[in-house]
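Just below is one structure, and these are the notes that go with it.
Worth saying up front: this structure is predicted, and the values here are computed from it rather than measured. Reminder, nothing fancy here: chain letters follow the sequence lines and each chain counts from 1.
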There are 2 protein chains.
Amino acid sequence: MKGDVHDRTCPSRTLLDRIGDTWSMLVVIALADGSLRYSELAARVDGVSPKMLTQTLRALERDGLLTRTVHPVVPPRVDYALTDLGSSLLDLMRGLEDWAETHIGEVVEARNAYDAR
Amino acid sequence: MKGDVHDRTCPSRTLLDRIGDTWSMLVVIALADGSLRYSELAARVDGVSPKMLTQTLRALERDGLLTRTVHPVVPPRVDYALTDLGSSLLDLMRGLEDWAETHIGEVVEARNAYDAR
DNA sequence: CGGCATCCCCCGGGATACTG
DNA sequence: CAGTATCCCGGGGGATGCCG
């Protein structure tokens with residue numbers, strides 16, 4: 001079964017929102033090299049608030065893109081790791097990251113030119 | 001010069017927001033095969049309101065991803081076309097579209113499983 | 001440590017109506 | 001045709017405080 005993002009009623013539309021989300025991208029990329037704890041993610045994803053981090057992690061977990069593992073120890077320890085499905089997004093996410101970092105110069109120039117008109 | 005999306009102060013962060021935006025993606029993909037008029041875009045990008053379409057087009061134009069050409073005729077005619085920079089995003093956008101459409105089934109299953117817990 | 005709850009403000013974005 | 005203008009509501013998202 002194939003979705004159609006051009007159909008406004010297709011669920012794949014909501015998926016486009018999720019994978020296009022900045023926090024989602026940064027979290028997925030952060031987990032590229034293996035599982036991380038909540039606090040490690042908070043440190044790596046610069047600027048994210050606890051609320052948004054939790055919200056993003058829950059959404060990604062619900063969509064089956066990552067797993068959440070609670071270790072019953074004191075102090076608590078919770079690990080997050082990409083699923084196979086989540087890993088299949090890595091190349092795409094890194095592609096977007098790379099495009100943004102590579103072309104940001106041109107875009108800033110274009111913005112300046114546009115604003116100066 | 002290279003940006004760093006992991007730095008919250010880097011302008012490439014705003015760029016990540018823009019290219020991750022659902023309307024931006026759909027507009028860029030719609031323009032893949034050549035220029036389109038405003039009304040043609042409105043028809044192809046299912047569900048977009050005039051306000052969001054205009055807003056999205058202005059943002060993409062400002063970032064140098066597409067050009068806006070006004071023909072001084074009656075009735076008015078305005079064409080939108082990707083720049084080279086915009087075209088360089090096409091593979092990435094189509095990759096995201098394809099991923100979403102291919103994996104939407106698995107994701108819907110994952111959501112149902114999660115919600116049933 | 002890893003959250004969830006609450007408050008609150010701002011603005012994204014839809015609907016509708018009007019114009020060059 | 002290709003927008004702009006206005007209204008208005010819902011929710012995104014930050015700050016703060018509490019808990020197991």
OP1 or OP2 of [N] versus the side-chain N and O atoms of [X]: is any pair under 4.0 Å?
X     : N     : result
A:R37 : C:dC1 : no
A:R68 : C:dG3 : yes
B:R58 : D:dA2 : no
B:Y80 : D:dG3 : yes
B:S39 : D:dC1 : no

**Salt bridge flag under 4.0 Å for residues A:K2 and B:D98** = yes
Checklist entry - Does A:D115 pair with A:R117 as a salt bridge, N-O distance under 4.0 Å? => result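 No, A:D115 and A:R117 are not salt-bridged.
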- request: Starting from the first five and the last five pairs of the helix from C:dC1-D:dG20 to C:dG20-D:dC1, work out the angle between the resulting helix axes, to 10 degrees.
  value: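 Taking the rotation axis at each end, their angle is 50°.
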CG (A:L96) and CD1 (B:I19) are apart, to the nearest 0.5 Å, by 5.0 Å
ask   = Can any side-chain N or O of A:D46 pair as donor or acceptor with the backbone N or O of B:R8 at less than 3.5 Å?
value = yes
Each nucleotide of nucleotides 8-20 of chain D classed B (base within 4.0 Å of a protein heavy atom), S (only sugar-phosphate) or -, in 5' to 3' order, makes -----BBB----B
Scan side-chain atoms only and decide if A:T69 and A:Y80 contain a donor-acceptor pair under the 3.5 Å cut-off.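 Short answer, no.
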- Query: Any luck finding a side-chain donor-acceptor pair between B:R77 and B:S39 under 3.5 Å?
  - Reply: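 Their side chains do not contain a donor-acceptor pair, so the 3.5 Å distance test is not met.
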